[in-house]
Amino acid sequence: MHKHPVFSLALLFAAVTAIAGEQLPAQFQAWGTGGPALPPMPAEWTEARAEPRVPTTPVPTKAEAANGFITFQRRPFTAIYHDTVPALFERGGRLEAFAAQGQYEPLSFALYALAELRNLRVTATGLTNKAGDAIAAPHIDIRLVMPIRNPVSYGNGQLKRFSLVPFYLEKRDRFEVPQGQTAQLWLTVRVPEEAKGGDYQGLLRIEVGEKAVQQIPLAIKVLPFRLPPTPLETGISYYPSADLAIREKEMIDQREHGINANESTLAAQIVSRDRHFGEDDAAATRKSIKTALDLRKKVYGDAANRFPLTVEVGHQILYDWDAKKGWFTFRPRSPELEANFFKAVTVCREAIQMEGGPPMRVFIMDEPGGHADTLQETVYYHKLLKEKLPHMQTYVTLGGGLSLGIDELGLLGDYADLITVNRFDRDICKRLVDRHKPYGVYNGGGATEAVTGYTRDRYFYGFYCWKTGAGEILQWVYRFGEPWKDPLRGNHGYVMPAPDGPLPSIPWESLRAGIDDYRYMDLLWRLITVAKADRETAEAAKAAEQTAIEILKKIDLKYQPRIGEGTAAPVSATLDNWRWEVASTTRHKFVSIEVSEVVS
């Protein structure tokens, strides 16, 4: 069994004339530090090499040999494995990135051990510009990338081979690296809202024991503007922790990633499974909704009511989980069943109104089209709800039926207000647009189960989502199951639970990068719209619009096809280049427009 590195953060503060944001950012306060070791693998499973590139034994420089390690880089969402050997072009260099005011930005580097390394520590100074303005060191979080075990062939356990794949991010006091192995470090820089635009410089310091052996230059270009909040619902499926303190940290974590819709947190509660929605169930529902909305107001403030609240009303009222079927089965229709359903809807609506919440929309069934009986009953109850409560909004997720050639859109289109699909092409897009109602896309990311393709979540939440024109984007799942008890990676979601808060992962940070890509595009489009209305800036608007269109032309609508495999997400370099094109256009084409007014 390999020994895996353990990492620590120690912060060095720079002496500066003006320090932006000394307080530890909310994101870093919410994150946990570490979890237990993964359980041992069964004896019949064997480990396979993870790094696909054929290794070439590196020839160290004199300085590298003296240090006992080689530092190297890949872009943050390009995998670095414990058995990665750095190529010559990846070695050395400085860490650099750009970010808007108030933005989180990831950076990454790695250490390849020429000899066994013990008692290592990496620290960061604050970042300063030539005027003496600074970003304080607490705004730089440093973590060790930790692996999970991924089946070599996902879905085929008979091979009984796994590889160690980089996934979650831990914070430890010190770390070790066995000879011939690699440790990856993950930095998250949070640019304060009040930071002045310009080039900021700092250092990473690598120590072995108490001796500083190497410094790596760190540079951040701060853009002189903030990004607007996303105009659409950015959702994540979420099953809240029973511990309210952890639940609050999880919601802060989601907020700081740009998530504004915590799906699945509101539902009709069932206490006694007597097939009757009684007063005990109603009381539990009211309590659950009050708890959820109180916490949402505390975390999101004035933004808590930006969008309607999706409330699940159906499970254990209209249908139950069918283990044999592997999905849900509706109960036989009856007047009593319908009365229970409408009572639950009414209780939820009144509880939300009592707490001053936004409008409610009813979510009856998830992906009904995969089973004929489920689809038939879902259509029936959607229609019934609209007949009896015509002003009540409804929500449904579709895709399984579309992939089977079933016209879910036609069957449910008249009764669903917001339809969110996991199959998307030009025909589906046209049909959704022609409804003249909001629509969404979901489950186009999720590099969290078969952990591959870290750019999927960034692409899905960012440029791809922008191209679809969706009003909602949703992905399964923030946290699910018990990942520390499973030797192999399973359906466990984006974060790993820890006693002091959620542990982030590379896919989770990729998702945040995607939401920020969307925000960059949204800001550019807002500026184009404003500039078009002014004769003096109309030409700049035309040039900027062409930049955006050229990027959009490179995004096809075959990423979530109705049938078969879709196109792959772009690599990190492509997404980085697109963002820079948008950011530099925003910065240079619209000098005369006050960006802060456009943002607000």
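This chain uses plain numbering: 1 for the first residue, then up along the sequence. Just so it is clear, the structure is predicted and the values come from calculations on it, not from any experiment.
Ring geometry, Trp508 versus His257: the interplanar angle falls under 30°, so the pair is classed parallel (tilted spans 30 to 60°). Ring pair His371/Trp327 is parallel by interplanar angle, where below 30° counts as parallel and above 60° as perpendicular.
The side-chain contact (heavy atoms from CB on, under 4.5 Å) check on Asp486 picks up His492, with sequence neighbours excluded. In this structure, the salt bridge (Lys or Arg N to Asp or Glu O under 4.0 Å) partners of Glu545, at least two apart in sequence or on a different chain, are Lys532. For Asp414, there are no side-chain contact (heavy atoms from CB on, under 4.5 Å) partners, not counting sequence neighbours. Shown here are the side-chain contact (heavy atoms from CB on, under 4.5 Å) partners of Glu256, two or more places apart in sequence or in another chain: Ala26, Gln27, Tyr104, Ile252, Arg512. Shown here are the ring-ring contact (aromatic ring centres under 6.0 Å, His included) partners of Tyr415, two or more places apart in sequence or in another chain: there are none. When the ring-ring contact (aromatic ring centres under 6.0 Å, His included) test is applied to Tyr395, the partners found at least two apart in sequence or on another chain are Phe363.
The one candidate from Arg349, Lys290, Arg296 that meets the salt bridge (Lys or Arg N to Asp or Glu O under 4.0 Å) condition with Glu355 is Lys290. Evaluated for a ring-ring contact (aromatic ring centres under 6.0 Å, His included) with Tyr319, the options Phe341, Tyr381, Phe330 yield exactly one hit, Phe330.
The shortest heavy-atom contact between Gly401 and Glu408 is N-OE1, 3.0 Å. The heavy-atom pair separating Pro502 from Ala30 by the smallest distance is CD-O, 3.4 Å. Across all their heavy atoms, Cys348 and Val311 have their closest contact at SG-CG1, 3.8 Å. Heavy atoms only, all atoms of each residue included: Ser403 and Arg423 are closest at CB-NE, 3.5 Å. When all heavy atoms of Asn422 and Asn443 are compared, the pair lying nearest together is CB-CB, 4.5 Å. Between Pro39 and Pro487, the closest heavy-atom pair is CG-N, 3.6 Å.
A salt bridge does not link Asp425 with Lys558: none of the charged nitrogens is closer than 4.0 Å to a carboxylate oxygen. With salt bridges taken as basic N to acidic carboxylate O contacts below 4.0 Å, none links Asp516 and Arg458. A salt bridge is defined here as a Lys NZ or Arg NE, NH1 or NH2 lying under 4.0 Å from an Asp or Glu carboxylate O, and Asp294 with Lys298 fails to meet this definition. In this structure, Arg286 does not pair ionically with Asp281, as no charged nitrogen and carboxylate oxygen lie closer than 4.0 Å. Look at Arg526 and Asp522 and you find a salt bridge, because one of the NZ, NE, NH1 or NH2 atoms lies within 4.0 Å of a carboxylate O, short of that distance. A salt bridge between Glu377 and Arg333 is present, with a side-chain N of the basic residue lying under 4.0 Å from a carboxylate O of the acidic one. Salt-bridge formation is detected for the pair Arg190/Glu193: a Lys NZ or Arg NE/NH1/NH2 atom is positioned less than 4.0 Å from an Asp or Glu carboxylate oxygen. Contact check on Glu233 versus Arg361 returns a salt bridge, with a Lys/Arg side-chain nitrogen under 4.0 Å from an Asp/Glu carboxylate oxygen.
The backbone N or O of Gly446 sits less than 3.5 Å from a side-chain atom of Asp457, completing a donor-acceptor pair. Side chain of Thr378 to main chain of Thr374: a donor-acceptor pair is present (N/O by atom type, distance under 3.5 Å, no hydrogens or angles). With hydrogens and angles ignored, the 3.5 Å screen pairs no side-chain donor or acceptor of Glu387 with any backbone N or O of Leu384. Remark: side-chain polar atoms of Arg479 are not paired, donor with acceptor, to backbone N or O of Val495 under 3.5 angstrom. Checking side-chain atoms of Lys437 against main-chain N and O of Asp417 turns up no donor-acceptor pair under 3.5 Å. Between the side chain of Asn340 and the backbone N or O of Phe277, at least one donor-acceptor pair lies under 3.5 Å. Side chain of Thr234 to backbone of Gly258: a donor-acceptor contact under 3.5 angstrom is found. Thr188 places no side-chain N or O within 3.5 Å of a backbone atom of Asp141 that could act as its donor or acceptor partner. Between the side chain of Arg456 and the main chain of Ala569, no donor-acceptor pair closer than 3.5 Å is present. Of the possible donor and acceptor atoms, none in the side chain of Ser288 sits under 3.5 Å from a partner among the backbone N and O of Ala284.
Checked against the 6.0 Å centroid criterion, the rings of Trp476 and Tyr239 qualify as a close aromatic pair.
Because its NZ or CZ atom is both nearer than 6.0 Å to the ring centre of Phe167 and within 45° of the ring axis, Arg489 counts as a cation-pi partner of that residue.
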(request) Go through the steps for Tyr464 and Tyr559 under the test ring-ring contact (aromatic ring centres under 6.0 Å, His included), then give the verdict. (result) CA-CA 8 Å; Tyr464 173 77; Tyr559 181 66; 5.0 Å; yes

(request) Report the C-alpha separation of Arg275 and Asp320 in whole Å, then their side-chain angles, then the decisive distance to 0.1 Å, and conclude whether the salt bridge (Lys or Arg N to Asp or Glu O under 4.0 Å) test is met. (result) CA-CA 10 Å; Arg275 299 204 166 204; Asp320 304 280; 3.7 Å; yes

(request) Please report the C-alpha distance between Ile506 and Leu169 in whole Å, then the side-chain angles of each, then the deciding distance to 0.1 Å, and finally whether the side chain to side chain contact (heavy atoms under 4.5 Å, CB included) criterion is met. (result) CA-CA 8 Å; Ile506 296 176; Leu169 312 177; 4.2 Å; yes

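Atoms CD and CD, on Gln316 and Gln269 in that order, are 9.5 Å from each other to the nearest 0.5 Å.
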